[in-house]
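Numbers for residues simply follow the sequence, beginning at 1. Because the structure is a prediction, the values reported are computed rather than measured.
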Amino acid sequence: MPLTARAAGLARLALANITREYPNSPAHLMTSPDEDVRPSALHPAFHGAYDWHSSVHMHWLLVRLLRRHGSTPAFAETAPVIGVLDRHLTPRNIAVEAAYLLGRPSFERPYGWAWLVALAAECRAYGGAAGDRWAEALAPGVAAVDALLTDWLPKATYPVRHGNHPNSAFALGLLLDSGELPAATTDAVRRRLLDWFADDHDAPVHWEPSGQDFLSPALVEADAMRRVLDRERFARWLDRFLPALRSGAACPPLQVPVVSDHGDPQIGHLLGLTLSRAAALRSIAAALPDGPVRARLARAAAAHLALGLPAVQRADFTTDHWLATFAALALDAGTEPAPAGAPG
C-alpha cells in the first residue's frame, strides 16, 4: 500500500504520540536533586513519543505527511497537525532544546542530531508561512548540531557499526539528505564516510541480524556510500562489499527476520529492521543499473515491507511511538531526489 493510502492514519498516530508525555524514557543525566526532570520541562518541544529522538522524528513524519498529502481531500488532519506543530516548534522551545544539546555533547549523538536536521529540512521543503515559521524556529537547533558535528567528526576515528541508534552510517546519510548544513560541515560528513567505509569489503553479513537491531549495519553502510559515490564507483564498491548480491549466494540482510514477540520493546526492534532494510534496499536498488542485482534487492524490499507494514499501528506504545517513521522512509525510498551536492 503506498504512503498516500496510509497518510491520515499515520498522522493521527503521530499526533497522539508527540502530545503524550507519559510513559517516557528520558536519557537525562541528573546532576542535582533540585532539577525539574519532567519531560516537558527538559524538552518543551520534544517530550512526547516516549523518548527524544522518537519525538523528533515523529514531528518529521507529520511535516512529511503535510508536504505530501496535506492538500488532498482524504487528508483531514491538516489543521490539527499545524496546530500542534505551532505549539511545539516555537523559538522559545527550540532555544531550550538547543541549549540542552550544547550542554550535553554526547546526548543523542548522532541519531537524534540527524533527525533534528532532517526535521528542519522537511519544514523548509514544506514551505509556506507555516513551514518557513517552523524552519526559522528550528534554526538554533540546526546550528547546535552543526557545532556539535564540527567538534565530534574529527575525533570520530572509528564508526559505530552496530544496528542501533548510535550507528554512524545511518545518521550521516540522513544528514547528507537534509541539505541543511553548511557546505563545510557537509564536506566533512562526506569525507568521514569515505574515510570510514571506502575500503570496506566482504561485509560480515552472516552476523546479521543481532537480536535487537532496527538497522542493518551492512545495508545502512551501503546506503550511505551510494550518497557519496557516483553510480559507477558505487556499483563497483557494492560488488566488493556484498559480493553475494552478484554471485547469487545467500545474503542474510536480504532475508526477512523472524520477530518472535512484537510486543517486546527490544525484540520488537526487528520490526523496525524490516522497514529500515526495505528503505535501504529500495534506495540502493535505485542507484544501480537494471539487472539481476537490482531485481534481487527489489524483491527483498517487498518481502520486508510485507512483514513490517502491518505492525505499524498496533495500539501498543512499544511500536506505535516510532515505527511509523520508518514505514514512511520505506514507502518513499527510491522516489526522493538526490541530496544536494550528491555526485552525479
Quick test of your reading: applying salt bridge (Lys or Arg N to Asp or Glu O under 4.0 Å), list the pairs with at least one residue in residues 42-59, sequence neighbours left out, ordered by first then second residue.
none
Check whether Phe107 forms a cation-pi arrangement with Arg109 (NZ or CZ under 6.0 Å from the six-membered ring centre, at most 45° off the ring normal).
no
Between the side chains of Asp86 and Arg133, is the shortest nitrogen-to-carboxylate-oxygen separation below 4.0 Å, so that they form an ion pair?
yes
Would you give the length of the straight line joining atom CZ of Arg294 to atom CG of Leu245, rounded to the nearest 0.5 angstrom?
14.0 Å
Is there a donor-acceptor pair closer than 3.5 Å between any side-chain N or O of Asn17 and the backbone N or O of Asp320?
yes
Please work out whether the ring planes of Phe46 and His59 are parallel, tilted or perpendicular, with thresholds of 30° and 60°.
perpendicular
Please work out whether the ring planes of Phe317 and His321 are parallel, tilted or perpendicular, with thresholds of 30° and 60°.
tilted
Aromatic plane relationship, His165 with His53 - under 30° parallel, 30 to 60° tilted, over 60° perpendicular:
tilted
Kindly state each residue pair satisfying salt bridge (Lys or Arg N to Asp or Glu O under 4.0 Å) with at least one member in residues 241-264, sequence neighbours excluded.
Asp239-Arg246
May I ask you to decide if Ser32's main-chain N or O and Glu35's side chain share a donor-acceptor pair within less than 3.5 Å?
yes
Any salt bridge between Arg191 and Asp195, counting N to O under 4.0 Å?
no
Whether Arg282 and Asp332 form a salt bridge (side-chain N of Lys/Arg under 4.0 Å from carboxylate O of Asp/Glu) is what I want to check.
no
Can you give me the closest heavy-atom contact between Ala49 and Met58, atom names plus distance?
CB-CG, 4.5 Å
Is the ring pair His47/His88 parallel, tilted or perpendicular, if the boundaries are 30 and 60 degrees?
tilted
For the residue pair Phe241 and Trp237, categorise the inter-ring angle as parallel (less than 30°), tilted (30 to 60°) or perpendicular (more than 60°).
parallel
Ion pair present between Asp230 and Arg233, side-chain N to carboxylate O less than 4.0 angstrom?
no
Pair up each side-chain donor or acceptor in residues 147-154 with any protein partner under 3.5 Å, not counting sequence neighbours, and list the distances.
residue : atom : partner : partner atom : Å
Thr150  : OG1  : Asp146  : O            : 2.8
Asp151  : OD2  : Lys155  : NZ           : 3.0

Is it true that Glu108 and Trp115 share a donor-acceptor pair across their side chains at a distance under 3.5 Å?
no
